[in-house]
Protein chains: 2
Amino acid sequence: MPTDRQADPKEKSLKGTGARFITRGFSPQVLTDQISRVLTESILDGDLEPGTQLLEMDLQQELGVSRSPLREAFRDLEKKGLVVILPRRGAFVKEITARDVQENFPVRGNLEGLAARLAYGRLNPQDLATMRTALEAMKRAGRSQDREAYRQNHQLFHDIFIDACDNRLLIEILQKLRMHRLWYFVSYRYQKLDFQMALDVHEQILELFEKEGSDPQELELLVRNHIDEALERLFGTSASSVARRPGEEEKAKPGSRKQAE
Amino acid sequence: MPTDRQADPKEKSLKGTGARFITRGFSPQVLTDQISRVLTESILDGDLEPGTQLLEMDLQQELGVSRSPLREAFRDLEKKGLVVILPRRGAFVKEITARDVQENFPVRGNLEGLAARLAYGRLNPQDLATMRTALEAMKRAGRSQDREAYRQNHQLFHDIFIDACDNRLLIEILQKLRMHRLWYFVSYRYQKLDFQMALDVHEQILELFEKEGSDPQELELLVRNHIDEALERLFGTSASSVARRPGEEEKAKPGSRKQAE
DNA sequence: CGCTTCGCGATTGTCGAAAATCTATCGAAT
DNA sequence: ATTCGATAGATTTTCGACAATCGCGAAGCG
């Protein structure tokens, strides 16, 4: 009774390439999670382009699963911010609009600044060394115009002190905000323009982390501003800048939408 | 062509005694949403105590729905942070731990401060009047020891400038962070201790909003700090405090490491 | 007597089909 | 020719049943 093989002869391949891990010895994973993982990768890798609809019937056949776990996986992806679910319409891969970027950066900047402040003093030598390595790799990638390498190491650099902030809620939120690789595609424009400046800022940040008696507040503002400034470089507008007079708005609040929930 | 949704008269006759809404001719809402709404209220109202398991079979019978929309509603509630789903175990109403509070306040303070800064200059006279009214109601509630009235008006006060920040992402995150009424139960301890001070702070905040040439940064810090300080009053620890001399710290985050779910 | 193993009831996970709903197309009337 | 309405197709939503798994208690073993 222990090694009860799958009596059902039909094979359950989760991905075309052949991932039949259902009957793996220990696979405590629920189908929903596996589907969610596969779709997450597909979206992040760009296999599923933004805007495309996730047809239940197609995916059901392609993945060899039923509707129930598929639909629940959609909810998971919605929670991650990767898809949007329109009732009675279906699930669509989230499209990143200019507004999304303009809204994301200020929030992310503030929270990463907070994370940096909280992380100060909690970084062990290993962490600092990793950040130093990542920064050097960023510099090399900048010289050789290796965008992907730059992106990876830039992400690693931030990952270190974010993970060290010891606030799981903060880590979770930032993970969602930094999920889309698209952020890096757009911010690439900025990096291209001010590559040297971006590197300088990260050098300053790392030095503040390394130094003994740094001012956590200075560190926080440095991290926050370097993200805010990236947004300003991108759009010219200062969606997060401190002062915006009430006169120069483009569209005032369109009515009061009382979102009951 | 705007896929405008028709105004739906909210009447949640889904819970309570029974539920004979299935056969109602007009039910534009998807069942999952209705279930999610009912359960959300039940949790927030305290009908479902933290830690209790949401039995699929029981709820299925009580609500008169099938398991599919029920399970999808669980995912929605998980997204809202109201329940936690353990694979092959079930869905449980989220329990708020001390650590959750300690992690929530710094993030919330930071983001509400950001929201205040962004909202400055975007508040119309109507908004300011509402905040003034809410603040006066808070003062009255404070004198008469009406905790619930204080909580409601305090929430309203913050709702105004948060909704005015014009950053939907920020609004969405803060909505989730401020979802639990439990936050207010715990912060009640603080309010009880420093009632007058809390009122003074909100008076200052409102005055900065009302004044013409206020410093948005000052406003941001005021909002942020008044939340951070609430946490300090609660626990004594300064989990988010800015000034912490690297020399005088000692606690390497001792307790509250457990809570492994 | 303590520990492990087995079995049973309870609960969640998965499935495929039926029902409800939406979108698109075609046809008719103005 | 254009607009409105009805029909058909496609898709989502919901359902009830079956299968897999977990927790707990009892029995077996050292």
Side-chain angles (χ1 to χ4, degrees), chain A residues 1-14 20-38 51-78 83-93, chain B residues 1-6 8 14 19-38 51-78 83-93 261:
Chain A
M1 48 305 246
T3 60
D4 191 347
R5 284 290 304 277
Q6 182 92 6
D8 195 351
K10 99 184 151 195
E11 73 290 355
K12 301 185 176 183
S13 59
L14 241 192
R20 39 181 58 82
F21 41 128
I22 292 293
T23 52
R24 279 280 194 64
F26 46 90
S27 173
Q29 283 284 3
V30 178
L31 252 189
T32 299
D33 294 338
Q34 300 186 33
I35 298 171
S36 175
R37 191 165 313 171
V38 169
T52 58
Q53 183 172 6
L54 270 49
L55 272 300
E56 292 181 359
M57 200 170 55
D58 291 358
L59 287 173
Q60 164 182 296
Q61 290 189 337
E62 186 175 344
L63 299 177
V65 298
S66 176
R67 301 190 108 93
S68 306
L70 196 55
R71 289 174 59 83
E72 291 187 26
F74 288 170
R75 301 278 174 178
D76 258 25
L77 296 176
E78 188 192 30
V83 309
V84 289
I85 297 179
L86 291 316
R88 304 224 181 262
R89 296 285 303 273
F92 302 81
V93 179
Chain B
M1 326 22 147
T3 63
D4 203 4
R5 306 174 53 183
Q6 64 185 37
D8 45 356
L14 186 53
R20 44 189 59 81
F21 54 94
I22 292 293
T23 53
R24 297 293 284 276
F26 50 94
S27 175
Q29 285 281 0
V30 177
L31 254 188
T32 299
D33 294 340
Q34 298 186 35
I35 297 171
S36 176
R37 192 164 312 170
V38 169
T52 58
Q53 183 173 7
L54 270 50
L55 272 301
E56 293 180 359
M57 200 170 55
D58 290 358
L59 287 172
Q60 163 183 300
Q61 290 189 336
E62 187 175 343
L63 299 177
V65 298
S66 177
R67 288 180 55 198
S68 304
L70 194 57
R71 289 172 59 84
E72 292 187 27
F74 289 170
R75 302 278 174 177
D76 256 27
L77 295 176
E78 189 191 30
V83 309
V84 288
I85 297 178
L86 293 316
R88 307 239 182 245
R89 297 286 304 276
F92 302 82
V93 180
E261 318 190 20

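Within every chain, numbering begins at 1; the chains are lettered A, B, ... in the order of the sequence lines, protein sequences first and strands thereafter. Every heavy atom of this structure was used, including side-chain atoms; hydrogens, water molecules and symmetry mates were not.
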Working note: B/D33 + B/D76, criterion side chain to side chain contact (heavy atoms under 4.5 Å, CB included); need CA distance, chi angles, decisive distance, verdict.
CA-CA 8 Å; B/D33 294 340; B/D76 256 27; 4.1 Å; yes
Nearest-angstrom distance from the residue atom CG of B/L31 to C1' of C/dA20
11 Å
The helix from C/dC1-D/dG30 to C/dT30-D/dA1: angle between its terminal axes, five pairs each, to 10°?
10°
Could you tell me how far apart A/F92 (CZ) and C/dC22 (P) are, to the nearest whole angstrom?
14 Å
Atom CZ of A/R71 and atom C1' of D/dT14: how far apart are they, to the nearest Å?
8 Å
Please list, pair by pair, any protein nitrogen or oxygen found under 3.5 Å from a nitrogen or oxygen in nucleotides 7-11 of chain D.
none

Can you check the A/Q60 CD to C/dG16 C1' distance for me, whole Å?
8 Å
Verdict with reasoning, A/R75 to B/T32, per side chain to side chain contact (heavy atoms under 4.5 Å, CB included):
CA-CA 11 Å; A/R75 301 278 174 178; B/T32 299; 3.6 Å; yes
Using atom CG of A/L63 as one end and atom P of C/dT14 as the other, report the distance to the nearest whole Å.
13 Å
Please report the distance, rounded to the nearest Å, between CD1 in B/I35 and C1' in D/dC15.
12 Å
Nearest of C/dT14, D/dC15, C/dT21 to any side-chain atom of A/R88?
C/dT21
Separation of D/dT13 C1' from B/R75 CZ (nearest whole Å)
17 Å
side-chain N/O A/T32 vs C/dT14 OP1/OP2, d < 4.0 Å
yes
Please confirm whether the backbone N or O of A/G90 pairs with a side-chain atom of A/E56, one donor and one acceptor, at under 3.5 Å?
no
Testing the basics here: between A/S36 and A/A73, what is the closest heavy-atom pair and its distance to 0.1 Å?
N-CB, 3.9 Å
Mind calculating the distance between CD (B/E72) and P (D/dT13) to the nearest angstrom?
7 Å
Compare every heavy atom of A/F74 with every heavy atom of A/V83, then report the nearest pair and how far apart it is.
CG2-O, 3.7 Å
Nearest 0.5 angstrom please: B/R67 CZ to B/Q60 CD, how far?
6.5 Å
Roughly how far, to the nearest 0.5 Å, is CG of A/L70 from CE of A/M57?
12.0 Å
Heavy-atom nearest nucleotide on DNA chain C taken for B/L54 and for B/S68; more 5' hit belongs to B/L54
Given A/L86, A/T52, A/L54, the one that forms side-chain contact (heavy atoms from CB on, under 4.5 Å) with A/F92:
A/L86
